[in-house]
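In this text, all values refer to a predicted model and were calculated from it rather than measured experimentally.
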Amino acid sequence: MDLDFTDDQSALRDTLRTFFEKESSTAAVRAAEPLGFDAALWRKVVDLGLAAIAVPEHLGGGGAGFVELAIAAECLGQSLAPVPLIEAAVANDLIASLSDAGSSSSGERDARLESLTARAVAGELLATLALRPATGDLARLVPAGAVADLVAVLRGDELLLLRQPDRGPAAPGGAVHNLGALPLADCPIDTEHALVLARGPAAVRAHRRALSRWELLTGAALFGLGSKALDIGVDYVMQRKAFGVLIGTFQTIQHRLADNAIALDGARLLAYEAAWAQDENLPTADTSATMAFLFAAETAYKTASEVLHFHGGYGYTLEYDIQLYFRRAKAWSLVAGDSRAAYARLAHRVFGAAPAPAPAERAG
């Protein structure tokens with residue numbers, strides 16, 4: 001494993017850092033609240049081809065890999081860009097791979113799936129992934145569900161593709177209010193018009209792989225968020241004075257900043273190792289993705305929380321940027337559910353038999 005970037009990857013990182021710093025200022029992030037979606041920025045992201053960067057070239061995508069997507073996710077996290085790049089990229093990859101494999105059950109459905117896939121890859125439709133299996137006829141707390149046109153959801157042993165009515169930038173629907181300013185929504189399932197992407201064990205495997213890819217990319221985004229929060233903290237403690245001296249000279253603050261910096265280095269390593277494992281199709285790829293996500297979530301939240309406390313009461317006020325990072329550090333990880341349950345499932349996956357699924361997973 002060589003985690004040094006190639007020249008092309010380094011150029012991509014520099015380009016995207018510049019792009020997101022310009023297009024996703026903290027003023028733009030605030031303006032996108034409470035829904036958490038900037039339609040104009042999303043169009044620019046689509047025009048860059050980022051949402052289809054991992055889709056094979058013969059299907060209209062960029063033909064790159066998940067390392068490149070992780071770079072994009074890291075840059076997104078640093079700027080808190082209010083666009084569902086991760087969800088769209090994962091869903092586009094999932095839909096395109098199953099469409100290419102001819103997984104649907106009839107010629108008519110093949111034609112519909114091919115058309116929807118082409119439009120999603122081209123950026124005409126915004127696709128997303130329901131992280132949890134459906135509960136009855138409802139996909140709950142779907143990331144980007146309030147603005148998505150297409151939702152891939154696992155219902156029982158079927159992986160379905162839903163066409164959402166009246167969704168998208170012009171008409172967000174069913175948004176679930178949250179302090180992280182995420183376009184979450186509960187999406188009803190119309191089985192009569194849903195397309196079946198896969199059935200049986202193949203459907204479960206495809207959803208699990210898509211979920212692991214969401215985890216690794218969200219882990220990269222959380223690392224980006226945490227690294228920017230740390231920068232905000234260092235800048236603040238080198239300006240703020242208490243008792244006539246800079247608080248950055250206090251050893252307790254120095255030690256905590258140093259600990260966070262080291263932990264963030266580990267989060268970065270895990271995220272890019274997980275992305276590399278996906279590109280290499282290693283047997284450990286899904287486990288690495290979960291590890292990367294959980295560690296990055298914990299590290300980003302701890303970093304943002306401590307930096308907020310360094311600000312004192314100011315940190316909680318809307319005028320200061322750190323509260324934007326603090327709220328999202330918590331919210332981005334909670335989209336996937338309870339981290340304690342995820343740690344338990346990960347331990348059983350690595351060391352023993354898998355535990356019984358959570359109630360939401362049994363329902364459906």
Qualifying residues under side-chain contact (heavy atoms from CB on, under 4.5 Å), relative to Ser227, sequence neighbours excluded: Gln78, Phe223
Parallel, tilted or perpendicular, as decided by the 30° and 60° cut-offs, for the rings of Tyr314 and Tyr320: parallel
Side chain to side chain contact (heavy atoms under 4.5 Å, CB included) between Val237 and Leu257, intermediate numbers included: CA-CA 10 Å; Val237 302; Leu257 288 172; 4.0 Å; yes
Contacts of His58 that satisfy side-chain hydrogen bond (donor to acceptor under 3.5 Å, both in side chains) - sequence neighbours left out: Asp100
Side-chain touch Leu129/Val151, heavy atoms, less than 4.5 angstrom: no
side-chain contact (heavy atoms from CB on, under 4.5 Å) partners of Ile262, counting only residues at least two apart: none
Residues in side-chain hydrogen bond (donor to acceptor under 3.5 Å, both in side chains) contact with Arg119, at least two apart in sequence or another chain: Glu124
Backbone of Ala11 reached by a side-chain donor or acceptor of Thr15 within 3.5 Å: yes
Sequence neighbours excluded - side chain to side chain donor-acceptor pair (under 3.5 Å) pairs with any residue from residues 289-301: Glu215-Thr290, Thr290-Arg349, Glu298-Tyr343
Polar side-chain atom of Glu21 near backbone of Thr18 as donor-acceptor pair, under 3.5 Å: no
For residues 326-335, please give each side-chain donor-acceptor pair under 3.5 Å, one per line with the distance, not counting sequence neighbours.
residue, atom, partner, partner atom, Å
Arg327, NE, Gln323, OE1, 3.0
Arg327, NH1, Glu33, OE2, 3.4
Arg327, NH1, Leu179, O, 2.5
Arg327, NH2, Glu33, OE2, 2.8
Arg327, NH2, Gln323, OE1, 3.1
Arg328, NH1, Glu33, OE2, 3.4
Arg328, NH1, Leu324, O, 3.1
Arg328, NH2, Glu33, OE2, 2.7
Ser333, OG, Lys330, O, 3.0

Rounded distance [0.5 Å steps], CG in Asp321 versus OH in Tyr236: 12.5 Å
Donor-acceptor under 3.5 Å (Thr287 side chain, Thr284 main chain): no
Derivation of the side chain to side chain contact (heavy atoms under 4.5 Å, CB included) call for Leu308 and His311: CA-CA 5 Å; Leu308 183 144; His311 282 67; 5.7 Å; no
Gln164 side, atom CD; Leu150 side, atom CG - distance, nearest 0.5 Å: 8.5 Å
Leu94 side, atom CG; Leu159 side, atom CG - distance, nearest 0.5 Å: 5.5 Å
Atom pair OG1/CD1 of Thr303 and Ile232 - distance to nearest 0.5 Å: 11.5 Å
Ala341: side-chain contact (heavy atoms from CB on, under 4.5 Å) partners, not counting sequence neighbours: Asp338, Arg345
Ala28 backbone acceptor or donor facing Ser25 side chain under 3.5 Å: yes
Nearest atoms (heavy-atom pairs only) where Asp186 meets Leu141: OD1-N, 2.8 Å
Residues clustered with Leu270, ILVMFWY side-chain links under 4.5 angstrom: Phe295
Under-4.0 Å salt bridge between Asp137 and Arg155: yes
From His309 atom NE2 to Ile253 atom CD1, the distance as rounded to the nearest 0.5 Å: 12.0 Å
By side-chain contact (heavy atoms from CB on, under 4.5 Å) - contacts of Glu319 (at least two apart): Thr317
Inter- and intrachain pairs under salt bridge (Lys or Arg N to Asp or Glu O under 4.0 Å), touching residues 232-261, at least two apart: Arg256-Glu306
Test item: Gln278 and Asp286 side chains (from C-beta on) under 4.5 Å apart, heavy atoms: yes
Pairwise distance CD(Gln9) to CD1(Ile71) - rounded to 0.5 angstrom: 5.0 Å
Sequence neighbours excluded, every pair satisfying salt bridge (Lys or Arg N to Asp or Glu O under 4.0 Å) that has a member inside residues 70-87: Arg17-Glu74
Sidechain-backbone polar pair: Glu158 side chain, Ala198 backbone, donor-acceptor under 3.5 Å: no
Throw together a table of side-chain donor-acceptor distances under 3.5 angstrom for residues 44-57, partners on residues two or more places apart or in other chains.
residue, atom, partner, partner atom, Å
Lys44, NZ, Glu23, OE1, 2.8

N/O donor-acceptor pair under 3.5 Å between Ser24 side chain and Ser79 backbone: yes
Same apolar cluster (I L V M F W Y, side chains within < 4.5 Å links), Ile322/Leu318: no
Cation-pi geometry met for Arg209 and Phe66 (6.0 Å, 45°): no
